[in-house]
Amino acid sequence: MEIWHNPACSKCATARATLDEARVPYRLRAYLEQPPSAAELTEVLRRLGARAWDICRTGEPAAVAQGIADWPRDDAEEPRWIAAMVAHPELIQRPILLLDDGGALVGRTAEALDLAARRTARDGG
């Protein structure tokens, strides 16, 4: 799996430690240094079964400065949300786990990390 992570994030550190303990192999992508394209982020949203606003950190300074929390949450506005997260990747929720089976999870809870480990083990690691 690939993990979109921020090295300074405690939830990312927990995800790495949990997956290490479960001996789940992963690749790290420091998405602040290697921001996703709009196409990549759109694909991740599809894999998550989520909308852009579901994974946008609206409390971050860049979001507050743009008033993102007040943006409409509808089909017509979703490209605007995606563009904002591409321009300011710190707005993307973390960690995002891109599973080798084609799925994806936001790995912020023990349950999500356990599910990722089980799905990876089921698919042969």
Verify side-chain contact (heavy atoms from CB on, under 4.5 Å) between Ser37 and Val86, making sure each step is shown before the conclusion.
CA-CA 6 Å; Ser37 66; Val86 168; 5.8 Å; no
So which atom in Ala52 and which in Met85 form the shortest heavy-atom distance, rounded to 0.1 Å?
O-CE, 3.4 Å
Going by an N to O cut-off under 4.0 Å, is there a salt bridge joining Asp20 and Arg16?
no
Is there a donor-acceptor pair closer than 3.5 Å between any side-chain N or O of Arg29 and the backbone N or O of His5?
no
Set of salt bridge (charged side-chain N to carboxylate O under 4.0 Å, His left out) partners for Glu60, sequence neighbours left out:
Arg57
Ignoring hydrogens and geometry, is there a side-chain-to-backbone donor-acceptor pair from Trp53 to Pro72 under 3.5 Å?
no
Contact summary for Leu98 and Ala104, nearest pair of heavy atoms
CD2-CB, 3.8 Å
Rounded distance (nearest 0.5 Å) linking atom CZ of Arg108 with atom CG of Leu97
11.5 Å
Walk me through whether Leu115 and Arg118 qualify under side-chain contact (heavy atoms from CB on, under 4.5 Å).
CA-CA 5 Å; Leu115 178 58; Arg118 283 187 282 120; 3.9 Å; yes
Check: Ile92 main-chain N/O paired with Tyr31 side-chain donor or acceptor under 3.5 Å
yes
Name all residues meeting the side chain to side chain contact (heavy atoms under 4.5 Å, CB included) criterion together with Asp54; count only those two or more places apart in sequence or in a different chain, and write none if there are none.
Ala50, Arg51
First locate atom CD of Gln93, then atom SG of Cys9, and finally report the distance between them rounded to the nearest 0.5 Å.
8.0 Å
Counting only pairs under 3.5 Å, give me each side-chain donor-acceptor contact of residues 41-49, with atom names and distances, residues two or more places apart or in other chains.
{"from": "Thr42", "atom 1": "OG1", "to": "Ala38", "atom 2": "O", "distance (Å)": "2.8"}
{"from": "Glu43", "atom 1": "OE1", "to": "Arg46", "atom 2": "NE", "distance (Å)": "3.0"}
{"from": "Glu43", "atom 1": "OE2", "to": "Arg46", "atom 2": "NE", "distance (Å)": "3.3"}
{"from": "Glu43", "atom 1": "OE2", "to": "Arg46", "atom 2": "NH2", "distance (Å)": "2.6"}
{"from": "Arg47", "atom 1": "NE", "to": "Gly102", "atom 2": "O", "distance (Å)": "3.0"}
{"from": "Arg47", "atom 1": "NE", "to": "Gly103", "atom 2": "O", "distance (Å)": "3.4"}
{"from": "Arg47", "atom 1": "NH2", "to": "Leu99", "atom 2": "O", "distance (Å)": "2.7"}
{"from": "Arg47", "atom 1": "NH2", "to": "Gly103", "atom 2": "O", "distance (Å)": "3.1"}

Keeping Glu33 on the side-chain end and Ala30 on the backbone end, is there a donor-acceptor pair under 3.5 Å?
no
Can you tell me how far CD1 of Ile82 sits from CD of Glu77, rounded to the nearest 0.5 angstrom?
11.5 Å
Roughly how far, to the nearest 0.5 Å, is the OG1 atom of Thr14 from the CG atom of Leu113?
8.0 Å
Residue pair Gly107 / Ala112: nearest heavy atoms and the distance that separates them
CA-CB, 4.2 Å
Is it possible for you to say whether Val64 and Trp81 belong to one hydrophobic cluster, with membership spreading through side-chain heavy-atom contacts below 4.5 Å?
no
Non-hydrogen atoms of Ala69 and Thr58 that approach each other most closely
CB-CB, 4.1 Å
Interatomic distance, Thr120 atom OG1 to Tyr26 atom OH [nearest 0.5 angstrom]:
12.0 Å
Heavy-atom closest pair (Pro89 atom, Leu32 atom, distance to 0.1 Å) is C-CD2, 3.7 Å
Trace of the side-chain contact (heavy atoms from CB on, under 4.5 Å) decision for Ile3 with Arg27
CA-CA 6 Å; Ile3 302 174; Arg27 300 169 303 286; over 6 Å; no
For Arg23, which residues count as a salt bridge (charged side-chain N to carboxylate O under 4.0 Å, His left out) partner, sequence neighbours excluded?
none
Say whether, by atom type as modelled, one donor and one acceptor occur between the side chain of Glu78 and the main chain of Arg73 under 3.5 angstrom.
no
Please list, chain by chain and in numerical order, all residues satisfying ring pair (Phe, Tyr, Trp, His ring centres under 6.0 Å) with Trp4, sequence neighbours excluded.
none
Quick one: CD1 on Ile96 to CD1 on Ile55, what's the gap to the nearest 0.5 Å?
4.0 Å
Whether over 12 other heavy atoms sit under 6.0 Å from Glu21 CD
no
Contacts of Glu2 that satisfy salt bridge (charged side-chain N to carboxylate O under 4.0 Å, His left out) - sequence neighbours left out:
none
